Structure formats: C-alpha cells, structure tokens
Amino acid sequence: MNALSLYSKISNDDILIYREQVEKIHHTLLKHQATGWIGFPFQNQENLINSINYVASEIKACADVLVVIGVGGSFLGARAIQEALAPYFGLPKGGIEIVYAGLNMSGAYIKELLAYLDGKQVYVNVISKSGGTMEPALAFRVLRLYMEGRYGDKAVERIIVTTDEKKGILKEIADKTGYRQFVIPDDVGGRYSVLTAVGLLPVAIAGIDIQELMDGARHAATELAEKDLAFNDAYKYAVMRHMLYEQGYTNELLASFEPGLSKFHEWWKQLFGESEGKDHKGLYPSTVTFSTDLHAIGQYIQDGRRILFETLLHFHEIEGDMEVPYDVRDEDGLNYLANRTFNEINAISKQGTALAHAEGDVPVIQIELPKLDAYHLGYLIYFFMKACAMSAYLLEVNPFNQPGVEAYKRKMLELLQEEKAVTE
Ligand code: PA5
C-alpha cells in the first residue's frame, strides 16, 4: 500500500543518507525482547480470534453495556478503533455500548458511571499488564463490588480479566476468584498491545470485525518487514520526522479531517510521546481535528512560531456522506456547491490546508489510506508502531520503557503513604 504520498521540505533522496543507520536499527529492533508485536500478525491467531469472538458473542447477547477498565496502553487502542468505526450517533451496528473506567481518578466520573449502569445489563473487562496500576485498580475495586452487589455469585461470569500470564495482583485475584482471562504477551508492552486481546476483545464486543483488523495488520507487517529505507514507508516517515526535528521543527501535529478519529489521535499521541520523550529529547506529539481546529488553532499553525510540522492523515473513502442540497432561494449563496458531497468538500479543504500550511513554512507529511475501515486501521496501527520504534532508535532512546511515568507514580504513592501515616 502506498501510504506515504506527499511531503514537503524533505525529499525522497534527502532521507537516503539514513539508509545504513536504518538498516542497522532494523536488525537491532528484531532482537529486542519487547518486540513481540512485530511478529504477532504473522502468527496463527485463529485460536485467539475464535475465543475472543466466542466470549464477545456471549457478552453481546447478555449485556447492554461493557465497562472496559484500563489506562494508557490498556485502553487507548481499543477506544481508538471503536470510536473510529462507530456511528456518530446511536449504538454500534452488531455490537453493544462500550464505556471506559480506570482512565482517570475523578470521583464524579466513577459515581456517575455507576448511576449510568443501573438498570442496564453489564459486563466488565479489566485490563492491566502489571496488574497494579492505581487508576484501573481503584476502578476495579468499585466495579467488582458493584457487580457482586447486583449479580451475586453470577458476577464472576460477567468479569473478564486481561493481564499478564503469570504475575501481578490482578492475575492473583483472577486465579483466586475464577474470572475468565486473556493474556497480554510478555514481549508486548502496553502501548504496543492494541492488536492483542487488550484491544481485540473490546472492539469485537463493539461489533468490529477483528479478523479484518488483523488481516490489515498482517498486510502492513509483510510490507514493512523490508529493511531498506527506500522501500519501507514506515521507516521513511520515521526518518522524515527525525530530519525535521533536527531542523528545529520540534512539534509534530497529527491532523485528520474526520472527527471520529479524535480517539485514534490519543492513541498515536501516547505511542509516540511515551516511546520518544526521554533524556530531554523527542518530538512533542500533538493532534488536531480539521476543519474544526482550523477555526481554533489554525491561526497559530499558519502564523505562529515555526516549530511545527504536520502529518495529515487522510482516508479516501469514508462510509456515510451526503450531497449539499440545492435551495431555490440561494440566500446563503451556496448553490455553487449543490450536488457536491460533504466528503468531497472536506477533501478539498484538506488539499487547501496542506498547500497553505506548506507555504507558511509548516512542512507537511501526508499519510493516505484507501478507506476508513477495520482493515486499513489495522494497517495504520502497525505502520505507526513500526515507525515509532524506528524513530525512537534514531533519537537513541529506548522505545519500550517509560521511566518518566514511573516517577509520577512514585511521588503519588509517597504522598498517599504520608497521609496514611498521619491518619493512623
Ligand atoms: O504503554 C505503557 O506501557 C503504559 O501506557 C501502560 O499501558 C499503562 O501505564 C497501563 O499499565 P498497565 O497495563 O500495567 O496497568
């Protein structure tokens, strides 16, 4: 698939000075212990997909709503896919409503969530690789008690745990209580785990075809296994953004023209931010949804400090469209657009934006895919994960750890322990 179609400021020839370095990193990457996700789409996933679809069918038949508990890599990917493919209004086709918990520590959020669940049939999928992260652990405590209060002995059948195969508090609780479990492979880190049960179970319950998603990922895995930068679009993207960073464009803006992609932006932001932002290095990843944000932050992009470059994400075909109607009065003067579709006008606004921004010294990289569907999202997810790992290595940082996140957790726990000592 020719995903990377256009760029400015840096040419195909310019990037080739990185050819040797990229090839070296390519081999290093394959040896790293946290890169189970690279080969995952090639493995036979029939058993996993069948068992996920089996559990998903049961949940779709018995529940009105699934509560997914998780934070960071344990929920962002599922929500990204689910919201990108969900209808804008109303319930998903062939799936049930998904709501999220354990992604924050807002008392108002969790209290309102419980009130919202009342009167609905509920299942819970709690997802945590370490099994001990504060946000999901707190939410699970609340929801576990809630489910036991509502369903008694049957609650155990309505809670599904996705966690490490062998270790962690959540694993211990799941074994002791007898919850059904899905495994997060040891060699796949949180933000690289969306194509495992972490993302697959919730999206299957949302009615999305996970086989299609994995087929798209396998297509990407096959194409992007290429070690030569000249023939690998994910590596080209990694090198372009690295070169722009070196030229002083320190912020990358991922921009889409479809509002349903706003949660996909969040997944992308975490992937790149947590993988690259280390040792006082790394592009700052930010996101915008156009045309909405052209009327908010567009002024800064066009005319503010020249530290931004833009990665435009565009899907040629979006399901659902309508023509601008003809109005005999033409009081608004818009009859010249009658019979053109909204998606056509949106695509033209994308072209105009790319031209205006490039002229204003905002380099533009463009990633284009044929259709917004499960297959191409699977492709794109893999594309970004591969590009991200390469990018981080070009910066000479480890793409697979997150020491900065640990620092906040330590400080919070110290403060909570101090409070505990005072009250005892
Ligand atoms: O990418 C990561 O590793 C993190 O964002 C984790 O996914 C996040 O901190 C949640 O961790 P856990 O799944 O262990 O609860």
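The shown structure was predicted, so the numbers you read here are calculated from the model rather than taken from an experiment. Atoms considered below: every heavy atom in the structure, side chains included; atoms not considered: hydrogens, waters and symmetry mates. First listed ligand is number 1; within each ligand, the first listed atom is number 1.
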N/O donor-acceptor pair under 3.5 Å between Ser286 side chain and Glu252 backbone: yes
side-chain contact (heavy atoms from CB on, under 4.5 Å) partners for Tyr151, two or more places apart: Gln121, Val122, Met147, Lys154, Ala155, Arg158
Which residues share a side-chain contact (heavy atoms from CB on, under 4.5 Å) with Glu46, sequence neighbours left out: Asn44, Asn50
Electrostatic pair Glu406-Lys409, nearest N-O below 4.0 angstrom: yes
Distance flag, aromatic centroids of Tyr245 and Phe309, threshold under 6.0 Å: no
List the atom pairs, donor and acceptor, that lie under 3.5 Å between side-chain atoms in residues 107-117 and the rest of the protein, sequence neighbours left out.
| residue | atom | partner | partner atom | Å |
| --- | --- | --- | --- | --- |
| Tyr109 | OH | Tyr100 | O | 2.5 |
| Tyr116 | OH | Glu97 | OE1 | 2.9 |
| Tyr116 | OH | Glu97 | OE2 | 2.8 |

Between the protein and ligand 1, which nitrogen or oxygen pairs come in under 3.5 Å, and how far apart is each?
| residue | atom | partner | partner atom | Å |
| --- | --- | --- | --- | --- |
| ligand 1 | 1 (O) | Arg191 | N | 2.9 |
| ligand 1 | 1 (O) | Arg191 | NH1 | 3.0 |
| ligand 1 | 1 (O) | Gln270 | NE2 | 3.3 |
| ligand 1 | 1 (O) | Glu274 | OE1 | 3.0 |
| ligand 1 | 5 (O) | Gly73 | N | 3.3 |
| ligand 1 | 5 (O) | Gln270 | NE2 | 2.5 |
| ligand 1 | 5 (O) | Glu274 | OE1 | 2.9 |
| ligand 1 | 7 (O) | Gly73 | N | 2.9 |
| ligand 1 | 13 (O) | Ser74 | OG | 2.7 |
| ligand 1 | 13 (O) | Lys129 | N | 2.8 |
| ligand 1 | 14 (O) | Lys129 | N | 3.4 |
| ligand 1 | 14 (O) | Ser130 | N | 2.8 |
| ligand 1 | 14 (O) | Ser130 | OG | 2.7 |
| ligand 1 | 14 (O) | Thr133 | OG1 | 3.4 |
| ligand 1 | 15 (O) | Ser128 | OG | 2.6 |
| ligand 1 | 15 (O) | Thr133 | OG1 | 2.5 |

